[in-house]
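Model, not experiment: these values are computed from the prediction. Note that the numbering runs from 1 along the sequence shown for the chain.
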Amino acid sequence: MATNKNALIRYKVLDKCFRNTGRRYFINDLIAECNKVLSEIDPDFTGISRRQIFDDMLFMESAEGWSIDLGKFRDGKKVYYRYNDTSFSINNMPLNELEVTQLKAAIDILSQFKGMPQFEWIHEMVPKLQQGSISDEKKTIIDFDSNIYLKGIDRLGELYNAILYKKVLKVSYQPFEDENPYDVIIHPYYLKQYNNRWFLFGYNPEKEKYDWNLAIDRIVNVAEIKGKYEKNTEIDWSEYFEDIIGVTKPEKGKTEKIVLHFYGKTGKYIESKPLHGSQRANWLDKAVLEVSVEVMINYELERMILSYGESVKVIAPKRLSEQVKQRLILSTNNY
């Protein structure tokens, strides 16, 4: 269990004890209550120390905590603890500086998921948290690989809601190779990101395909139309992409064993960052890493191999080796 989560649970347990007027909580009682709750959450929990409970109470009394007004009452030689105002609770207090800092860190991460409707509230929350914060300095310390300038990214929320509420869409779509867009009816099922691009998957009634996909940066317009939504009963999207690299699944495609040789530093890179979940790798010598993956041959696989240039060689299957070789020949003709 994470230490900060452990601490927050202890503070809530102590708060409950300090508000209880029907029982006197001595230090051993407070330890027992915390141990009881933490043990139920984490079977491997080994127990809390007296020192930790005293430190927790000091933190709760501090300005960094909740500035609680904690009474220490003697009962013979022992001391029990209770709020002087038992109507008080840390749950009713404004966020303290620690909580604000933790919340701002979480929001800083979530705010990078722009375009998704369930995260729109985050952008309204940020300025509120910045008011009266302990520091006006805005410093980003984590960044995700995303393209906020991607054409069509503003449609992500609209498409997400169409999937959620099972809406039939008429999409005006313009492929790279066509000058004019064309209309396609799609029953949307799934959104997938690959290589900083988003793709919409769904049922195309004209083609009778349940895994038709459209790149959202090529979508010109989206309109909801009337019609019965065709439920997806054929595809498990959690498994759909397991035997491909990227998003293109060849019709009647079959999984094949792809064998590649990576050279030098690129081999070390591929060893630490596998190409696919099925990857198997072994060093033939200090300079050559042999890698095999079980996937279908598709456009993205070829592009991925070509991206490593002279640092990779296709060993098998032969037809993939020839395809990559021809692309390299055509590439050199440009120079």
Side-chain angles (χ1 to χ4, degrees), residues 110 112-123 144-256 276-278 294-304:
L110 291 174
Q112 298 191 44
F113 293 91
K114 295 179 180 178
M116 297 300 288
Q118 67 269 47
F119 294 128
E120 288 175 354
W121 62 272
I122 290 170
H123 304 291
F144 292 100
D145 188 13
S146 60
N147 184 0
I148 62 173
Y149 305 106
L150 178 68
K151 183 180 177 182
I153 193 69
D154 54 319
R155 298 191 185 280
L156 200 57
E158 181 181 13
L159 297 173
Y160 176 91
N161 281 326
I163 296 171
L164 188 64
Y165 297 109
K166 298 178 172 57
K167 303 295 185 182
V168 182
L169 301 178
K170 180 180 180 181
V171 175
S172 179
Y173 190 74
Q174 185 170 17
F176 287 115
E177 64 272 14
D178 293 346
E179 291 185 6
N180 299 313
Y182 65 86
D183 291 338
V184 58
I185 305 299
I186 191 164
H187 301 235
Y189 297 145
Y190 198 75
L191 285 163
K192 170 74 173 178
Q193 187 183 35
Y194 174 72
N195 198 25
N196 280 341
R197 296 182 74 200
W198 283 93
F199 297 84
L200 173 68
F201 286 78
Y203 173 63
N204 181 336
E206 182 181 353
K207 302 292 184 180
E208 296 186 348
K209 279 182 65 66
Y210 284 85
D211 60 348
W212 194 259
N213 80 73
L214 303 170
I216 70 167
D217 55 302
R218 307 310 301 163
I219 292 176
V220 178
N221 188 52
V222 176
E224 181 184 331
I225 62 172
K226 293 183 179 180
K228 183 181 178 181
Y229 182 84
E230 181 74 22
K231 292 183 179 180
N232 170 30
T233 58
E234 299 188 4
I235 299 172
D236 182 348
W237 295 104
S238 64
E239 298 179 357
Y240 180 83
F241 301 95
E242 287 187 357
D243 51 6
I244 59 173
I245 289 174
V247 296
T248 306
K249 200 162 192 175
E251 193 167 359
K252 298 181 181 179
K254 294 182 179 180
T255 302
E256 300 182 55
H276 186 262
S278 64
E294 299 278 346
V295 295
M296 294 182 187
I297 295 175
N298 64 359
Y299 174 81
E300 291 92 338
L301 173 64
E302 289 187 37
R303 288 291 175 180
M304 182 273 295

* Identify the residue among Asn213, Leu156, Ile163, Val222 that makes a side-chain contact (heavy atoms from CB on, under 4.5 Å) with Leu200. => Ile163
* Looking at side-chain heavy atoms only, is the closest gap between Leu191 and Tyr160 below 4.5 Å? -> yes
* With Phe201, which of Trp212, Tyr210, Phe241 fulfils ring-ring contact (aromatic ring centres under 6.0 Å, His included)? -> Phe241
* To do: Indicate yes or no for a side-chain donor-acceptor contact from Asn232 to the backbone of Glu234 under 3.5 Å, with no hydrogens or angles considered.
  => yes
* Straight-line distance of Ile225 CD1 to Lys170 NZ, nearest 0.5 Å -> 7.5 Å
* **Side chain Glu256, main chain Val295, donor-acceptor under 3.5 Å** => no
* N/O donor-acceptor pair under 3.5 Å between Asn298 side chain and Thr248 backbone -> yes
* Asked: Is a donor on one side and an acceptor on the other found under 3.5 Å between the side chain of Arg197 and the backbone of Lys192?
  -> no
* Within a radius of less than 6.0 Å around NZ of Lys209, do more than 12 heavy atoms belonging to other residues, nucleotides or ligands occur? -> yes
* For Tyr229, does the OH atom have more than 12 heavy-atom neighbours from other residues, nucleotides or ligands under 6.0 Å away? -> yes
* Within a strict 4.5 Å, meaning less than it, do heavy atoms of the Pro250 and Ile297 side chains meet? -> no
* **Heavy-atom side-chain proximity of Leu214 to Val171 below 4.5 angstrom** => yes
* Run the salt-bridge test on Asp211 and Lys249 with the 4.0 Å N-O cut-off and return the result as yes or no. => no
* Asked: Parallel, tilted or perpendicular for Tyr190 and Trp237, by the 30°/60° rule?
  -> parallel
* If you take all heavy atoms of Glu300 and Ile245, which pair is closest and at what distance? -> CB-O, 3.2 Å
* Do Ile185 and Glu206 have side-chain heavy atoms sitting under 4.5 Å apart? -> no
* **From CA spacing to verdict: side-chain contact (heavy atoms from CB on, under 4.5 Å), Ile186, Asn204** => CA-CA 5 Å; Ile186 191 164; Asn204 181 336; 5.6 Å; no
* **Euclidean distance, Tyr299 OH relative to Met304 CE, rounded to 0.5 Å** => 13.5 Å
* Asked: Do His187 side-chain atoms and Glu230 backbone N/O form a donor-acceptor pair below 3.5 Å?
  -> yes
* Any donor-acceptor pair under 3.5 Å linking the side chain of Ser278 with the backbone of Glu294? -> yes
* Could you give the distance from CD1 (Ile219) to CD (Glu158), rounded to the nearest 0.5 Å? -> 8.5 Å
* Asked: Has the side chain of Arg218 got a donor or acceptor atom that lies under 3.5 Å from a matching backbone atom of Tyr173?
  -> no
* State, with a plain yes or no, whether a side-chain heavy atom of Glu224 is found less than 4.5 Å away from one of Val168. => no
